[in-house]
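Presented below is the structure to which this report refers.
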Amino acid sequence: PISRRVLRAMVGHLVLDATPSKLGPAIAKLRKSGNRLNLNLLGEAVLGEREAGHRLQGTRDFLARDDVDYVSIKVSSVVSQLSMWSFDEAVADVVEKLTPLYELAARAEAQGKAKFINLDMEEYRDLDLTIAVFTRILDDPRLAQLEAGIVLQAYLPDALPALRRLTEWATERVDAGGARIKVRLVKGANLAMERVDATMHGWELATQASKLDTDAAYLRCLDEALRPEHTRAVRIGVAGHNLFDIAYAWLLAGERGVRPDVEFEMLLGMAQGQVEA
């Protein structure tokens, strides 16, 4: 009990207690300032199907709450054994598990209650799988009017081509009468893990070689995304705490007249003065 109390004190400004009795008041308090909340159930890769099912049910319970309208989930958190050797089967497996979550959101949308699902990703190996799952789910005619999101990590050299691919697909979707999508643009948080993985296997590093290259890639993605012909199909979430990138995105969006299509996202408890500003 003492350790638990100390840990809560250390991370209380960064992490919310997800138990129903504690979560409601915490959400209400954070919303007072006008912020919108994207809730993540904490945890990394799952170790078994039981844990994967528990994580999926936890996210479903979040989404079913009246005071929650935005959740994030990763493909690696709902399936315990993802094999890239059987790519099509892995995609089909994840799609089968996640589709009910999107159907819940679509039913809520039809009743006038907006529910947004963001498909997150961790490692480089998840990139193509996550995009395939995302597009396969949203190609379902029953979900044509559902707006949903996906994350792209700028420290992956594939980020810009992936953004172009998603924009092309989303444009076709919108032209066919479907809803827009949202791309949440981050720099990437797993560089140390990618380095260890590459070193242990004798592979070339999957990410950009330096911070400078990552920053440049982030700006390239912003330049590509923040254009009226693209934002009509793809809204952009500028996620991060780098003041230069945030200011650049704000000014670029203003110059190109797409500010209504841009959201700024930061982690709870980090750079709080900047968040308030």
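Using a distance-only test at 3.5 Å, with no hydrogens or angles considered, no donor-acceptor pair links the side chain of Glu224 to the main chain of Arg164. No donor-acceptor distance shorter than 3.5 angstrom exists from the side chain of Tyr124 to the backbone of Leu205, with no hydrogens or angles considered. Panel note: side chain Lys115, backbone Val68; a donor-acceptor pair is recorded below 3.5 Å. Without hydrogens or angle criteria, Gln145 side chain to Gly177 main chain gives a donor-acceptor distance under 3.5 Å. With Asn190 contributing its side chain and Met193 its backbone, the two residues share no donor-acceptor pair below 3.5 Å.
A salt bridge is defined here as a Lys NZ or Arg NE, NH1 or NH2 lying under 4.0 Å from an Asp or Glu carboxylate O, and Arg31 with Asp67 fails to meet this definition. Salt-bridge check for Arg125 with Asp197: failed, with every basic side-chain N at 4.0 Å or more from each acidic carboxylate O. Asp215 has a carboxylate O that lies under 4.0 Å from a charged side-chain N of Lys211, or vice versa, which qualifies the two as a salt bridge. Between Arg256 and Asp223 there is a salt bridge, with a side-chain nitrogen of the basic residue lying less than 4.0 Å from a carboxylate oxygen of the acidic one. Look at Arg232 and Asp175 and you find a salt bridge, because one of the NZ, NE, NH1 or NH2 atoms lies within 4.0 Å of a carboxylate O, short of that distance.
Minimum heavy-atom separation, Met266 to Gly240: CG-O, 3.4 Å. Contact record, Tyr102 with Ala148: CE2-CB, 3.8 Å, taken as the closest heavy-atom pair. Minimum heavy-atom separation, Pro157 to Pro161: O-CD, 3.8 Å. In terms of heavy-atom proximity, Leu152 sits nearest to Ala162 at CD2-CB, 3.9 Å. What you find for Asp69 and Ala114 is that their closest heavy atoms are CB-O, 3.3 Å.
Residues forming a side chain to side chain donor-acceptor pair (under 3.5 Å) with Glu109 (at least two apart in sequence, or on another chain): none.
With a 6.0 Å radius and a threshold of 12 heavy atoms from other residues, nucleotides or ligands, Glu204 has its CD atom at or below the threshold. No more than 12 heavy-atom neighbours from other residues, nucleotides or ligands sit within 6.0 angstrom of NE2 on His54. Within a 6.0 Å radius of CD in Glu168, no more than 12 heavy atoms belonging to other residues, nucleotides or ligands are found.
Separating the OH atom in Tyr70 from the CG atom in Asn40 is a distance of 9.5 Å, to the nearest 0.5 Å. Rounded to the nearest 0.5 angstrom, Leu129 CG and Asp88 CG are separated by 10.5 Å. To the nearest 0.5 Å, the span separating CG on Leu104 from CG on Leu146 amounts to 10.5 Å. Distance check, rounded to the nearest 0.5 Å: NZ of Lys29 to CD1 of Ile27 gives 13.5 Å. Here CZ of Phe62 is found 5.0 Å from CG of Leu41. Values are rounded to the nearest 0.5 Å. With values rounded to the nearest 0.5 angstrom, Arg259 atom CZ is found 13.5 Å from Thr231 atom OG1.
Applying the salt bridge (Lys or Arg N to Asp or Glu O under 4.0 Å) test to every pair with at least one member in residues 266-277, sequence neighbours left out, gives no pairs at all. Pairs of residues two or more places apart, or lying in two chains, never qualify as salt bridge (Lys or Arg N to Asp or Glu O under 4.0 Å) while including a residue from residues 148-161.
None of Val95, Leu138, Asp93, Thr99 except one satisfies the side-chain contact (heavy atoms from CB on, under 4.5 Å) rule with Val133; the exception is Val95.
Tracing side-chain contacts under 4.5 Å through hydrophobic residues (I, L, V, M, F, W, Y), one reaches Val234 starting from Trp250; they form part of the same cluster.
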Verdict with reasoning, Ile73 to Leu119, per side-chain contact (heavy atoms from CB on, under 4.5 Å): CA-CA 5 Å; Ile73 193 166; Leu119 207 51; 4.0 Å; yes

